[in-house]
Amino acid sequence: MSNGDAAGSALLRRTTSRILHRIGRRGASLAFVGLLCLDIAASLAFAPAGQRATPGYAVLASVAPLNLWALAWCVTGVLCLVQMFGRSDRIAFAAATALVLLYGLINLISTFTGANPRGWVAGAVWLAFGGWIALIATWPEATPPPGRFPGSTPAGAAAVVVADAGGIIQSWNPQAAALFGWSTEEAVGRPLTILMPPRFREQHVAGLSRVLATGRSDLAGRVIPLVGVRRDGSEFGIALSVNAWQSDDGIAYTGVIRPIGGGDAD
């Protein structure tokens with residue numbers, strides 16, 4: 001392999017890695033769904049006459065023209081590919097799930113009507129696929145890296161803390177060190193509970209368990225007034241904005257923290 005080919009391959013790997021890190025596993029799954037939708041759209045729009053006469057295609061054509069089905073799949077595919085980069089992709093997931101489940105139901109019904117005796121096979125596959133898409137839709141939505149939350153103050157103006165699914169601190173910016181009194185070396189690897197008074201720690205651990213069980217965070221996207229605790233034990237009011245996202249190792253959390261109330265707890 002030439003030096004140019006090696007450099008191009010390395011650039012492709014880095015670019016792919018950045019994209020996957022940006023969109024997360026949820027976004028990557030949505031990309032797969034989008035490409036599959038476009039492929040289905042093409043198979044419907046450009047199906048030869050002989051294929052259009054098969055029972056499966058004939059059943060679809062009896063519900064709506066094949067070109068209309070192709071348009072629906074094409075629009076859904078484009079929507080998936082566009083929203084996989086967005087902070088919210090619920091419309092794409094809803095559209096894809098609805099279209100796939102509709103396909104499954106049509107195929108199942110065609111078995112009972114006799115229009116397609118083998119339609120139950122395709123129906124079962126489509127319904128299972130729709131269930132898989134619906135399951136992925138319950139995963140936490142991908143969020144931008146710290147400091148890139150739409151509408152938020154830049155990361156340099158606030159403490160930014162990143163933690164893993166177990167609530168262990170993975171990243172700690174200088175503002176967090178100044179606010180809480182722990183250096184980056186001291187904070188990374190410690191639990192988030194060092195930042196809160198003991199009376200709130202049990203509730204925090206229960207909240208992490210709920211997110212692991214459900215895949216959703218009720219606090220995501222909200223600004224919550226809380227009480228923080230410095231390394232010296234003094235308490236002060238904080239405003240917390242937290243988001244859950246998918247990292248390579250599973251769910252992770254990014255918290256943006258600002259002091260409120262003059263820096264002292266009520």
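Because the structure is predicted, anything quoted here is derived from the model rather than measured. Index from 1, following the sequence.
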Would you give the length of the straight line joining atom CG of Leu60 to atom OG of Ser62, rounded to the nearest 0.5 angstrom? 7.5 Å
Got Leu226 and Met196 here, is their nearest side-chain heavy-atom distance under 4.5 Å? no
Return the minimal non-hydrogen interatomic distance between Arg52 and Ala45, and the atom names on each side. NH2-O, 3.3 Å
Compare all side-chain heavy atoms of Ile169 with those of Ile194 and state whether any distance is below 4.5 angstrom. yes
Partners meeting salt bridge (charged side-chain N to carboxylate O under 4.0 Å, His left out) with Arg231 (sequence neighbours left out): Glu186
Hydrophobic cluster membership, with links at side-chain heavy-atom distances under 4.5 Å among I/L/V/M/F/W/Y: are Val75 and Val100 in one? no
Applying a strict under-4.5 Å side-chain criterion to I, L, V, M, F, W and Y, I'd like to know whether Ile168 and Ile257 cluster together. no
Between the CG atom in Leu99 and the CG atom in Leu79, the distance rounded to the nearest 0.5 Å is 11.5 Å
Within this structure, what is the OG1-CD1 distance for the pair Thr113 and Ile106, rounded to the nearest 0.5 Å? 11.0 Å
Donor-acceptor contacts, no H, no angles, side chain residues 120-133, under 3.5 Å, sequence neighbours left out:
none

Which residues share a side-chain contact (heavy atoms from CB on, under 4.5 Å) with Ala64, sequence neighbours left out: Leu68, Trp69
Heavy-atom pair of closest approach, residues Leu240 and Gly255: CD1-CA, 4.0 Å
Out of curiosity, does Leu35 fall in the hydrophobic cluster containing Met84 (side-chain heavy atoms, cut-off under 4.5 Å, transitive links)? yes
CG of Leu192 to CG of Asp164: how many Å apart, nearest 0.5 Å? 8.5 Å
For Asp39, enumerate each residue passing the side-chain hydrogen bond (donor to acceptor under 3.5 Å, both in side chains) test, keeping only those at least two apart in sequence or located in another chain. none
Which pair of non-hydrogen atoms, one from Ala31 and one from Leu81, has the smallest distance, and what is that distance? O-CD2, 3.7 Å
Sort and list the pairs that fulfil side-chain hydrogen bond (donor to acceptor under 3.5 Å, both in side chains) and have at least one residue in residues 94-111, not counting sequence neighbours. Trp73-Tyr103
Distance check, rounded to the nearest 0.5 Å: Arg199 atom CZ versus Arg201 atom CZ? 10.5 Å
Among residues at least two apart in sequence or on other chains, which ones pass ring pair (Phe, Tyr, Trp, His ring centres under 6.0 Å) with Phe180? Trp172, Phe236
Closest non-hydrogen atoms of Cys74 and Leu38, given as atom of the first, atom of the second and distance, are O-CD2, 3.7 Å
So, using side-chain contact (heavy atoms from CB on, under 4.5 Å) as the criterion, who are the partners of Cys80 when residues are at least two apart? Leu30, Val33, Thr76, Ala92, Ala96
Nearest 0.5 Å, please: how far is CG in Leu44 from CG in Asn67? 9.0 Å
If only atom types and distance count, is the side chain of Arg230 paired as donor or acceptor with the main-chain N or O of Gly181 below 3.5 Å? no
What's the shortest heavy-atom distance between Leu179 and Ala159, and which atoms? CD2-CB, 4.0 Å
Could you tell me which residues satisfy side-chain contact (heavy atoms from CB on, under 4.5 Å) with Thr54, sequence neighbours excluded, listed by chain and number? Tyr57
Sequence neighbours excluded, the answer for side-chain contact (heavy atoms from CB on, under 4.5 Å) partners of Ala61 is Leu66
Does Val78 belong to the same Ile/Leu/Val/Met/Phe/Trp/Tyr cluster as Leu71, with side-chain heavy atoms less than 4.5 Å apart forming each link? no
For Val59 against Ala115, the heavy-atom pair lying closest together: CG2-CB, 3.9 Å
Do Ser234 and Val229 have side-chain heavy atoms sitting under 4.5 Å apart? no
Where do Ser171 and Val161 land on the side chain to side chain contact (heavy atoms under 4.5 Å, CB included) test, with the steps shown first? CA-CA 6 Å; Ser171 177; Val161 182; over 6 Å; no
Let me see the working for Ile224 and Ile238 under side chain to side chain contact (heavy atoms under 4.5 Å, CB included), right down to the final yes or no. CA-CA 8 Å; Ile224 310 129; Ile238 60 172; over 6 Å; no
Val63, Leu102: one ILVMFWY side-chain cluster at the under-4.5 Å cut-off? yes
